[in-house]
Amino acid sequence: MNNSQAEENAYDVSAIQDKWLPVWDELRPFDSAKAGDTRPKKYVLDMFPYPSGDLHMGHAEAYALGDVIARYWVQRGFNVMHPIGWDSFGLPAENAAIKRGLDPKGWTYDNIAQQKSSMRRYACSFDWDRVLITSDPLYYRWNQWLFLEFYNKGLAYRKNSLVNWCPSCQTVLANEQVVQGLCERCDSVVTKKALTQWFFKVTEYADRLLDDLDTLEGSWPSKVLSMQRNWIGRSYGADVQFVIEGRDEPVTVYTTRPDTLHGATFMVVAVDSALASELAAEASPEVQAEFANYLDIVKQSNDIERLATDREKTGVPLGRFAINPVNGERIPIWAADYVLADYGHGAIMAVPAHDQRDHDFATTFDLPIRQVLKDPNSSEETVLPFVGEGVMINSGELDGMAKSEAIAKIIDDLTAKGTGKSAKNFRLRDWLISRQRYWGTPIPIIHCDDCGEVPVPADQLPVQLPSAEGLDLSPKGTSPLGGASDWVNVSCPKCGKAALRDTDTMDTFVDSSWYFLRFLSPKSTEFAFDPQAAKDWAPVDQYVGGVTHAILHLLYARFFTKVLHDLGHVDFEEPFTRLLNQGMVLMNGSAMSKSRGNLVRLSDQLDEHGVDAVRLTMAFAGPPEDDIDWADVSPAGSAKFLARAWRLANDVASDTAVDVTKGDKAVRKATHTFLKEFGSNIESFKFNVGVAKIMELVNVLRKAIDTGVGAADPAVREGAQEVAKALSLFAPYTAEDMWSLLGHSAGVALAEFAAVDESLLVESSITAIVQVDGKLRDKFDVAVDISAEELQALAMASAAVLKAIGEREVANVIVRAPKLVNIATK
RNA sequence: GCCCCCAUAUCCCAAUGGCAGAGGAAGACGACUUAAAAUCGUUUCAGUGUCGGUUCGAGUCCGACUGGGGGCACCA
């Protein structure tokens with residue numbers, strides 16, 4: 001193209017990008033803290049990124065979709081807070097630093113700068129005055145403050161227990177970070193190690209975390225709700241006490257099936273529990289030796305082996321006996337690894353006739369099996385184990401009862417005798433938060449020989465991370481901070497004697513559990529977050545992020561919010577009112593990730609198609625929660641459409657001052673039909689449908705210009721303006737340039753949509769359809785206010801309809817005036 | 001093993017229980033062009049995974065099945 005006229009009329013992606021970025025930097029359309037802003041407030045939040053490199057296709061999708069929502073509400077007249085930050089502590093920075101011999105800090109902040117610059121180019125509608133970086137002392141100081149708030153409430157505590165240990169990362173892991181027995185980060189087989197570690201008492205909030213999910217029904221994806229429910233895993237049953245021969249204290253077991261108590265023929269305790277060791281210690285030397293040997297074998301196995309479903313049951317008898325409280329029967333006690341030490345009481349009553357695992361165990365070791373339920377629907381002998389609903393047998397006065405009746409009765413009896421009570425248990429465990437690594441928030445506790453655990457006084461916060469210089473960061477099972485002797489050795493805040501800092505750092509999920517509150521006042525040195533700002537803005541109205549965080553992050557953030565509520569810091573109990581989970585971006589069916597290689601590079605896509613086309617493609621590909629296979633979509637097609645839309649603005653031949661209400665009615669109707677539907681499409685996350693509606697309107701306007709009312713008709717200007725505004729959600733550069741071509745000053749992102757003129761949408765006639773037995777037989781135009789009788793008469797007069805009815809007798813006529821008549825025949 | 005979600009044209013996807021097609025991609029044809037690209041226009045393409053049920057009427061609701069995806073899983 002060498003003709004200057006043609007150049008002026010060409011849609012030039014990179015020129016448009018270069019033109020508008022600096023203008024926006026000046027205009028700052030997304031500042032949310034302007035003095036005197038009276039617009040209603042809305043808080044839209046995208047999950048903040050981990051700065052592991054430049055932005056990738058996954059970020060591009062997430063931020064494109066978050067932007068659609070944030071920009072939409074701005075153009076609906078809201079003051080939208082849409083902040084961004086970086087979740088910048090964590091192992092990848094540390095591992096990269098070790099590999100390259102760099103400070104994790106340098107690597108992290110370089111990546112942040114890179115991502116920030118890419119976000120600017122990507123035209124994210126972030127409020128750049130509200131940035132936070134979790135590895136800044138300004139931020140993590142408040143992690144420490146929160147830790148101490150939790151500590152003072154008894155919600156942060158240290159205990160020695162068997163914990164998940166990743167031998168490769170050389171650190172402990174939370175339960176949530178162990179996936180199928182593997183480390184979620186490096187896929188190493190996780191082992192168990194007895195260590196003294198810090199925990200947050202999530203279990204104290206288990207009931208509320210579960211019950212309050214009901215309040216999110218309809219506002220969060222049902223998938224996330226069910227994943228959280230599964231994870232918390234509440235079950236109801238009973239605690240039952242068994243007297244142990246030769247032991248003063250009885251042993252309590254938890255069961256969900258107290259109705260089967262008469263069928264308990266042995267007891268099993270977790271081999272790695274303190275109870276098992278204690279019981280074995282009083283047994284014969286042979287038993288002790290056998291037990292010790294078995295415990296050794298179990299300790300050497302890992303979860304992968306332990307969880308293998310087809311594995312044969314193992315265990316050893318402890319030579320001890322328990323007394324069944326309902327029938328006085330003497331039953332043997334075994335130790336086995338299929339019973340978990342940290343669930344319930346680490347001991348079970350085994351009912352082999354009605355539990356698959358107990359049945360397997362009894363079969364393996366030839367233990368007695370007693371049936372106490374029979375299948376009421378089968379006259380034949382019940383196949384054991386029978387776990388369905390049945391009728392009680394062999395159970396004394398319970399005989400003949402149904403399950404629920406028997407459960408109620410036995411709990412009453414046990415309670416009366418003081419040998420049991422109803423109980424519930426959770427799958428959820430307390431959250432292990434200490435990590436033996438460098439790049440994280442130091443735990444603000446000092447250990448003193450005399451005073452024990454001493455919290456760092458509030459006025460001494462933050463406990464700053466010492467410089468990585470001179471520290472050996474390589475994983476060795478204890479925190480690298482232990483090597484910073486100047487840092488570790490302090491005097492006790494209580495007694496002044498020599499004491500040591502806690503050298504562990506916090507799980508980075510602590511950082512992300514409350515960051516949405518920090519955005520309210522990200523620079524405050526006075527508060528973690530400004531309480532007044534929390535009243536004004538929080539909770540988050542719309543949260544956007546990947547389903548990968550369905551359990552971990554979202555559960556922890558909910559927990560934090562509830563604790564903060566109970567501590568009086570916030571007046572709400574759920575952090576995220578609405579949640580949108582976007583899918584993943586795939587290439588030919590494969591996930592793109594750092595470990596598997598980024599099959600498609602975002603920067604290449606942006607260079608090739610432009611920012612707008614990539615963003616539009618993300619929104620148009622399909623429902624946001626579905627995965628996008630990049631091989632199935634067409635960013636080139638998006639670019640083509642954007643050029644087509646842009647040319648409309650270029651073609652409009654009327655003035656900004658023109659009275660659009662004088663425009664062509666049919667074109668105006670198309671525009672206002674669009675306006676009516678577009679908003680609800682966006683609000684219900686049907687972005688793909690919203691884009692299709694824009695395309696439809698563009699097609700109408702194209703036709704109007706080329707072969708219809710012409711480029712000068714005011715209705716064409718009106719339509720083109722609304723196209724520019726709507727396109728601003730998806731393709732901000734193109735939209736801004738269109739807005740400029742249409743004669744407006746910069747800032748289409750702040751231009752509110754026109755109000756729908758309902759009078760344009762009123763139809764005078766409509767196409768009525770006539771079905772015979774549900775099949776379409778005729779259609780004709782009728783007045784919208786036609787009566788049912790008239791419409792039926794018209795339908796019955798139709799030759800096509802009469803032919804379809806033929807000789808049959810009409811049984812029923814359904815009339816839904818003015819749209820439909822259905823004639824049912826016999 | 002238990003629980004949840006999904007299945008529409010060659011592909012990606014639309015369709016308050018009421019005409020299966022909004023939109024896009026790919027394909028074909030035409031206009032413009034010396035030609036191509038770009039652009040504009042026209043156009044082809046399925047009865048909705050299978051079986052059964054509810055209904056005047058089912059892609060949509062219910063049940064079973066098949067296929068795909070996801071969650072939980074030795075949690076007593």
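Computed over heavy atoms, backbone and side chain alike; hydrogens, waters and symmetry mates excluded. Chain A is the first sequence line, chain B the second, and so forth, proteins listed ahead of strands; every chain is numbered from 1.
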**Complete:** Taking A76(B), G57(B), C74(B) as options, the one with an atom nearest any side-chain atom of D337(A) is C74(B)
**Asked** When you compare C32(B) with A15(B), how far apart are their C1' atoms, in angstrom units rounded to a whole number?
**Response** 37 Å
**Prompt:** For the base of C74(B), is there a side-chain donor-acceptor partner from K313(A) under 3.5 Å away?
**Reply:** yes
**Request:** Using the closest heavy atom to pick a nucleotide of RNA chain B for each, name whichever of F620(A) or K779(A) lands nearer the 5' end.
**Result:** K779(A)
**Request:** Taking the six-membered ring for Trp and the single ring otherwise, decide whether the centroids of Y338(A) and F361(A) are under 6.0 Å apart.
**Result:** yes
**Message:** Between Q605(A) and W630(A), is there a side-chain donor-acceptor contact under 3.5 Å, judged purely by atom types and distance?
**Reply:** yes
**Request:** Identify which nucleotide among C12(B), C56(B), A76(B) has an atom closest to any side-chain atom of T256(A), counting heavy atoms from C-beta outward.
**Result:** A76(B)
**Message:** Hydrogens and angles aside, do T256(A) and S235(A) bring a side-chain donor and acceptor to less than 3.5 Å of each other?
**Reply:** no
**Message:** Nearest 0.5 angstrom please: R234(A) CZ to L209(A) CG, how far?
**Reply:** 10.5 Å
**Message:** Let me confirm one number: the NZ-NZ distance from K819(A) to K779(A), rounded to the nearest 0.5 Å.
**Reply:** 13.0 Å
**Item:** Where RNA chain B forms stems, i.e. three or more consecutive Watson-Crick or G-U pairs with both distances under 3.5 Å
**Value:** B:1-7 with B:66-72, B:10-12 with B:23-25, B:27-31 with B:39-43, B:49-53 with B:61-65
**Message:** Students often get this wrong, so: under 4.0 angstrom with heavy atoms, is S235(A) touching a base, only sugar-phosphate, or nothing?
**Reply:** sugar-phosphate
**Asked** Quick one: is N681(A) getting a side-chain N or O under 4.0 Å of the A14(B) phosphate, OP1 or OP2?
**Response** no
**Prompt:** Passes ring pair (Phe, Tyr, Trp, His ring centres under 6.0 Å), W431(A) versus Y556(A)? Steps please.
**Reply:** CA-CA 9 Å; W431(A) 174 14; Y556(A) 295 150; 3.6 Å; yes
**Of the listed nucleotides A76(B), C74(B), A14(B), the one nearest the side chain of Y254(A)** = A76(B)
**Message:** Taking 4.0 Å as the cut-off, does a side-chain nitrogen or oxygen of Y338(A) come that near to OP1 or OP2 on A76(B)?
**Reply:** no
**Prompt:** Would you say a side-chain N or O of R702(A) is under 4.0 Å from OP1 or OP2 of G41(B)?
**Reply:** no
**Fill in**
Regarding G47(B), purine or pyrimidine glycosidic angle vs 90° from 0 gives syn
**Request:** Check every strand shown and say whether R777(A) touches a base, only sugar-phosphate, or nothing at a heavy-atom separation below 4.0 Å.
**Result:** nothing
Collect all protein-nucleotide pairs involving nucleotides 68-72 of chain B in which both atoms are nitrogen or oxygen and the distance is under 3.5 Å.
| from | atom 1 | to | atom 2 | distance (Å) |
| --- | --- | --- | --- | --- |
| C72(B) | O3' | R427(A) | NH1 | 3.0 |

**Request:** For the pair S798(A) (side chain) and L794(A) (backbone), establish whether a donor and an acceptor sit closer than 3.5 Å, ignoring hydrogens and angles.
**Result:** no
**Prompt:** Base, sugar-phosphate, or nothing: which does A692(A) touch, judged by heavy atoms less than 4.0 Å apart?
**Reply:** base
**Message:** Considering every strand and a 4.0 Å limit on heavy-atom distances, what is the contact class for K775(A): base, sugar-phosphate, or nothing?
**Reply:** nothing
**Asked** Counting side-chain heavy atoms from CB outward, which of G23(B), U39(B), C12(B) is closest to V633(A)?
**Response** C12(B)
**Prompt:** Quick one: OG1 on T260(A) to CD1 on I410(A), what's the gap to the nearest 0.5 Å?
**Reply:** 8.5 Å
**Message:** Base, sugar-phosphate or nothing for D629(A)? Non-hydrogen atoms, less than 4.0 Å.
**Reply:** nothing
**Message:** Using a strict threshold of under 4.0 Å (side-chain N to carboxylate O), is an ion pair present between D259(A) and K403(A)?
**Reply:** no
**Message:** Would you say N688(A) places a side-chain N or O within less than 4.0 Å of OP1 or OP2 belonging to G24(B)?
**Reply:** no
**Request:** Could you say whether G346(A) or Q771(A) is positioned toward the 5' end of RNA chain B, judged by the nucleotide with the nearest heavy atom to each?
**Result:** Q771(A)
**Complete:** Rounding to 0.5 Å, atoms CG (L791(A)) and CD1 (I786(A)) come to a distance of 5.0 Å
**Prompt:** Among side-chain atoms of N822(A) and R816(A), is any donor-acceptor pair under 3.5 angstrom?
**Reply:** no
**Message:** Taking any heavy-atom pair under 4.0 Å as a contact, classify K686(A): base, sugar-phosphate, or nothing.
**Reply:** sugar-phosphate
**Prompt:** Is the shortest side-chain N/O distance from K703(A) to OP1 or OP2 of C40(B) below 4.0 Å?
**Reply:** no
**Message:** For a quick check, tell me whether the side chain of E696(A) and the base of G23(B) share a donor-acceptor pair closer than 3.5 Å.
**Reply:** no
**Asked** Is any side-chain N or O of R644(A) closer than 4.0 Å to OP1 or OP2 of G41(B)?
**Response** yes
